[in-house]
Amino acid sequence: MQQIQAPKGTKDVLPAESHKWHYIENTMREVCALYGAHELRTPIIEHTELFLRGVGDTTDIVQKEMYTFEDKGGRSITLKPEGTAGMVRAFLENRLFNEPMPQKLYYLNSPTFRYEKPQAGRLREHHQFGIETVGSYAPETDAEVILLALDLFRRLGVRDLVLHINSIGCPECRRDYNAALREYLSGYLGEMCETCRSRFEKNPMRIIDCKEQRCREIVKNAPRTVDYLCDDCRKHFEGVKACLDAAGAEYVLDPDIVRGLDYYTGTVFEVISNRIGAQGAVCAGGRYNGLIEELGGQRIPAVGFGMGMERLIAVMEANGVEFPKPGETTVYFAAFGDEPRRKAFALAQQMRREGISAEFDHMDRSFKAQFKYANKLGALYTVAIGDEELALGEVKVKCMADGTETAVAIDRLTEFFKE
Ligand code: ATP
Ligand code: MG
């Protein structure tokens, strides 16, 4: 029979890899705790409407990349293509705005689905870590969110990342900017891709991050958002930069970043590696002061980012980071004969109850093969059990590191290993 394969653009995390994920997840939780952030878990599916309104109907995500289907009740449902819209929906639905502000909400390992052309660094299912800090307009808050990401990278041993920042202004700045951009683009209308032509009237800024070759050439000399900031937005951006300076964070001012989602206002940023190929953005985010209102809440500001876990692992590997190895087997019980085998099974079970990792032979291996296997497992100790040991009530515990053997009474094994 033909074997069924995983859908294109998805990836299994194998046992030999999962410890990397655990290490990163644990570090993320530690860093979030240092910043007073709490986890908020949201469903993988949401009503499609949430993303049409939240992410924006002229974005690549909504126009090309969403996994949308009708469920058996005739509702249009979409697999999460990003993290923020669901977080804001949950924030509003659960009335978290009644809690003291700001609120720092994070998610990690969140499955994220985009119908993209699978290639290095681009999957159809990837996983994101992200944070949303809700309730504050202060430039310190933008800087704090960025610094949380940088702290995480530092702790994870990643060094070669560069922070790029920009400001795309508020709706007021955007009006002037859009007018200037339309004027610039009007001469190229016929040369742009179809999607961008449809964006021209509704949302010309989206054309800036189109991935089509010709569109990219056209926008090279387009007006830049930073030149159209109102006084408040300019001051705010200066404030964010001053905070980053105060914290000793290095950054590059990058007027080309406009971000591919409609909800951003003001600060936008990306953290980029040049070691993992063309898809170098590991982390991306910004401020979104209009989204909560757009999704039916009050006017509450927020700032956040999303970080691709797979790209983060790729960067860590490229940096030669050593991932801590998972817990080893403490003791392996090798046994020969029916009764000794039963005893080995019972002892392993007893050890586990006491919090000591233990293993026995499941495969009816020879005595010799059992020791070989124990070696492969990296067992710290092996215990050989035969009829003689059972009769004596005593076993020899062999330390695999130095080969020394210690005689231990069978009913004292737990105490021995606990020490
Ligand atoms: P790109 O410009 O590479 O398409 P994006 O702007 O679409 O990125 P975001 O929506 O900002 O990406 O997502 C946040 C992060 O999630 C990215 O910086 C990246 O690390 C990761 N990411 C996004 N799309 C994918 C994907 N298809 N496969 C793997 N990781 C992804
Ligand atoms: Mg994308």
Side-chain angles (χ1 to χ4, degrees), residues 6-13 21 24 28 51 54-56 58-67 78-87 106-132 145-146 148-150 152-153 156 158 161-166 168 195 205-213 215-216 219 254 256-264 267-288 291 303-318:
K8 221 170 138 179
T10 68
K11 244 179 162 174
D12 300 308
V13 177
W21 290 71
I24 293 173
M28 284 170 168
F51 303 114
V55 178
T58 53
T59 61
D60 267 357
I61 291 181
V62 168
Q63 289 187 316
K64 303 175 183 169
E65 299 173 357
M66 292 206 305
Y67 277 87
T78 294
L79 301 180
K80 229 179 334 196
E82 57 87 57
T84 302
M87 295 289 274
Y106 77 87
Y107 52 93
L108 64 77
N109 231 343
S110 172
T112 306
F113 301 88
R114 297 182 186 182
Y115 196 79
E116 305 209 65
K117 199 169 149 222
Q119 54 195 286
R122 225 178 254 300
L123 294 156
R124 288 186 174 168
E125 184 199 31
H126 70 279
H127 297 79
Q128 287 195 9
F129 163 71
I131 180 164
E132 319 292 349
V145 162
I146 293 172
L148 185 151
L150 300 184
L152 178 66
F153 293 132
L156 290 174
V158 182
L161 292 170
V162 183
L163 168 64
H164 292 237
I165 60 171
N166 188 27
I168 57 173
T195 316
M205 196 176 79
R206 280 284 69 84
I207 298 170
I208 301 283
D209 55 25
C210 180
K211 302 260 186 327
E212 299 287 334
Q213 184 62 28
C215 298
R216 289 173 77 143
V219 301
D254 185 346
D256 292 336
I257 296 181
V258 293
R259 307 291 302 116
L261 304 92
D262 277 352
Y263 47 65
Y264 288 112
T267 316
V268 287
F269 65 92
E270 292 186 356
V271 185
I272 298 171
S273 164
N274 55 17
R275 288 222 212 170
I276 53 169
Q279 269 54 255
V282 181
C283 169
R287 177 167 277 283
Y288 52 96
L291 178 61
V303 48
F305 66 70
M307 186 184 293
M309 305 274 288
E310 287 85 356
R311 287 192 200 173
L312 173 60
I313 291 177
V315 169
M316 289 174 70
E317 285 169 348

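If you're wondering where the values come from, they're calculated on a predicted model, not measured in any experiment. Remember, it's 1-based here, ligands and their atoms both numbered in the order they're listed. Computed from heavy atoms alone, side chains included, the values below leave out hydrogens, waters and symmetry copies.
Taking any N or O of Val282, backbone or side chain, at least one lies under 3.5 Å from an N or O belonging to ligand 1. Here's the thing with Glu310: none of its N/O atoms is less than 3.5 angstrom from an N/O atom of ligand 1. At a 3.5 angstrom cut-off on N or O pairs, Gly306 does not count as close to ligand 1. For Arg259, a nitrogen or oxygen atom sits less than 3.5 Å from a nitrogen or oxygen atom of ligand 1, counting backbone and side chain alike.
Note on Asp60 versus Arg206: no salt bridge recorded, every NZ/NE/NH1/NH2 to OD/OE distance being 4.0 Å or above. Between Arg259 and Glu270, at least one side-chain N (NZ, or NE/NH1/NH2) sits under 4.0 Å from a carboxylate O, which counts as a salt bridge.
Side-chain N/O atoms of Tyr263 and Thr84 include a donor and acceptor closer than 3.5 Å.
Ligand-side atoms of ligand 1 in range of Ala284: 11 (O), range being under 4.0 angstrom from any heavy atom. With ligand atoms numbered from 1 in the order given, ligand 1 contributes 15 (C), 16 (O), 20 (O), 21 (C) to contacts under 4.0 Å with heavy atoms of Gly308. The atoms of ligand 1 that sit less than 4.0 Å from any heavy atom of Leu123 are 26 (C), 27 (N), 28 (N), 29 (C).
Distance OH/Tyr107 to CD/Glu132: 5.0 Å, rounded to 0.5 Å. Atoms OG1 and CD, on Thr195 and Glu212 in that order, are 7.0 Å from each other to the nearest 0.5 Å. Rounding to the nearest 0.5 Å places CE of Met66 at 11.0 Å from CZ of Arg114.
With Gly260, Ala278, Ala281 as candidates, the residue nearest to atom 19 (C) of ligand 1 on a non-hydrogen basis is Ala281. The heavy atom nearest to atom 1 (P) of ligand 1, out of those in Glu82, Arg114, Gln279, Arg122, is found in Arg122.
Using a non-hydrogen distance threshold of 4.0 Å, Arg124 does not register as a contact of ligand 1.
Taking the side chain as every heavy atom from C-beta outward, Lys11 and His126 never approach each other to under 4.5 Å.
Using cut-offs of 30° and 60° on the angle between ring planes, the pair Tyr106 and Phe129 is tilted.
Among protein heavy atoms, the minimum distance from atom 22 (N) of ligand 1 is reached at His126 NE2, 3.3 Å.
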